[in-house]
Amino acid sequence: MTEQAKAEDRNTLAQLLLDHPPMVRELPEFAVEGLPASPAELFGEWLTEAFRAGVPDPQVVTLSTVDTDGCPDARVLVLRGIDVPGAGLVFAADADSPKGRQLAARPRAAITVYWPLLGRQIRVRGVVEIASPKESALDFLSRSPWSRAASLVGHQSEPLTSFEAYDSAAREARLLLEADPEAIAPGHTVYTLRAVEAEFWQGDAARRHVRVHYSRNEPGAIAGEWSRTLLWP
Ligand SMILES: Cc1cc2nc3c(=O)[nH]c(=O)nc-3n(C[C@H](O)[C@H](O)[C@H](O)COP(=O)(O)O)c2cc1C
């Protein structure tokens with residue numbers, strides 16, 4: 001690309017950013033009266049509404065963790081379920097991946113999601129519980145052969161020297177699964193983020209965003225009653 005073409009692209013991007021303010025569309029009302037006592041219940045209600053509204057992949061959320069140097073890290077992953085009584089958000093990952101190691105060293109995390117069609121954001125912070133190897137193995141066996149084979153490849157986030165190296169590891173994983181359908185990826189782990197606080201954010205084109213914050217009555221606790229407060233936009 002020539003320098004002139006690059007400069008033109010930069011101008012185009014600047015114009016695109018100016019021309020596209022977010023949330024300029026009809027957005028739902030967020031009635032703050034009579035909300036569920038637990039944020040996990042409201043998370044479930046909003047996620048159901050997101051599916052029904054046709055938001056693509058609304059169950060894909062951002063998981064933020066912290067490494068041992070205190071540096072934040074984040075990536076998206078699939079939410080597997082909501083444990084309403086335990087105010088938990090359930091996901092699965094490889095314990096040998098960077099996020100798995102970060103969670104083993106510092107079992108604290110945040111989950112964030114934004115659904116553009118609805119102009120809704122949810123933020124949850126809390127403590128991460130790591131399921132037992134038996135529970136994680138059962139979760140692994142409940143998955144499709146395709147998903148199990150992909151997990152059995154392993155080495156997530158390690159440098160890949162060639163696509164042939166991946167293809168060969170994927171072939172080996174498929175052969176292993178054919179020979180032993182009960183084979184389990186050793187690092188496969190189920191995690192539950194137990195909420196300590198949560199915020200539900202309903203965007204408004206006129207910037208009169210509605211924000212509801214849930215916190216535990218006992219600060220930092222992962223059990224007990226919740227309080228709700230409105231926040232300034
Ligand atoms: C739509 C989507 C769904 C994903 N789902 C998962 C998932 O459920 N579990 C997971 O470990 N990684 C998932 N990933 C991959 C992660 O974003 C990330 O690349 C990978 O887990 C490595 O992260 P790490 O290096 O921080 O450990 C998904 C990625 C995308 C784009």
Side-chain angles (χ1 to χ4, degrees), residues 40 43-44 46-83 86 88-118 120-163 165-167 169-170 172-174 176-177 183-195:
F43 197 118
W46 274 30
L47 182 54
T48 305
E49 286 171 26
F51 273 112
R52 293 194 174 139
V55 173
D57 302 339
Q59 76 284 36
V60 176
V61 299
T62 299
L63 171 78
S64 302
T65 49
V66 178
D67 72 13
T68 45
D69 294 327
C71 293
D73 202 355
R75 78 293 290 154
V76 299
L77 47 68
V78 174
L79 192 66
R80 297 281 163 191
I82 301 178
D83 164 15
L89 301 178
V90 184
F91 58 94
D94 184 348
D96 299 322
S97 67
K99 72 182 118 20
R101 289 193 293 273
Q102 288 161 5
L103 288 172
R106 291 188 175 205
R108 300 204 159 251
I111 280 184
T112 324
V113 65
Y114 172 60
W115 297 312
L117 262 183
L118 300 172
R120 283 180 168 177
Q121 173 186 230
I122 308 177
R123 306 163 63 185
V124 179
R125 301 174 81 201
V127 174
V128 174
E129 201 175 277
I130 303 174
S132 68
K134 195 173 162 199
E135 220 177 308
S136 295
L138 282 175
D139 176 76
F140 188 76
L141 291 173
S142 73
R143 291 169 177 240
S144 68
W146 174 85
S147 153
R148 277 181 280 153
S151 296
L152 281 163
V153 173
H155 303 286
Q156 192 175 53
S157 300
E158 290 175 17
L160 176 68
T161 45
S162 69
F163 289 114
Y166 173 80
D167 292 339
E172 272 176 41
R174 281 195 300 272
L176 172 66
L177 209 55
I184 286 160
H188 179 81
T189 306
V190 174
Y191 298 89
T192 303
L193 174 69
R194 300 250 174 248

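Both counts, for ligands and for their atoms, begin at 1 and track the order of listing. Numbers here are sequence positions counted from 1.
- Nearest residue to atom 10 (C) of ligand 1 from G100, A92, P98 is A92 (criterion: closest heavy atom).
- At least one side-chain heavy atom of L63 sits less than 4.5 Å from a side-chain heavy atom of R75.
- The pair R194-D83 counts as a salt bridge, with a side-chain nitrogen and a carboxylate oxygen less than 4.0 angstrom apart.
- Protein heavy atom nearest atom 26 (O) of ligand 1, with residue, atom name and distance: R75 NE, 2.8 Å.
- The contact set between ligand 1 and L77, taken as ligand atoms under 4.0 Å from a residue heavy atom, comprises 4 (C), 5 (N), 6 (C), 7 (C), 8 (O), 9 (N), 13 (C).
- Around atom 13 (C) of ligand 1, the closest heavy atom drawn from V76, V60, V78 belongs to V76.
- Which parts of ligand 1 touch S157 is read off a 4.0 Å heavy-atom cut-off, strictly below it: atoms 22 (C), 23 (O), 24 (P), 25 (O).
- Annotation for ligand 1: atoms under 4.0 Å from non-hydrogen atoms of A93 are 11 (O).
- For the atom pair OG1 (T192) and CZ (F91), the distance works out to 7.5 Å, reported to the nearest 0.5 Å.
- Taking the six-membered ring where the residue is Trp, W115 and W46 present tilted rings, their angle falling between 30° and 60°.
- The environment of R143 atom CZ is dense: over 12 non-hydrogen atoms of other residues, nucleotides or ligands sit within 6.0 angstrom.
- Using a 4.5 Å cut-off on side-chain heavy atoms (C-beta onward), L89 and I82 make contact.
- For atom 21 (O) of ligand 1, the nearest non-hydrogen atom of the protein is K99 NZ, 2.8 Å.
- Of all protein heavy atoms, the one closest to atom 20 (C) of ligand 1 is Q156 NE2, 3.5 Å.
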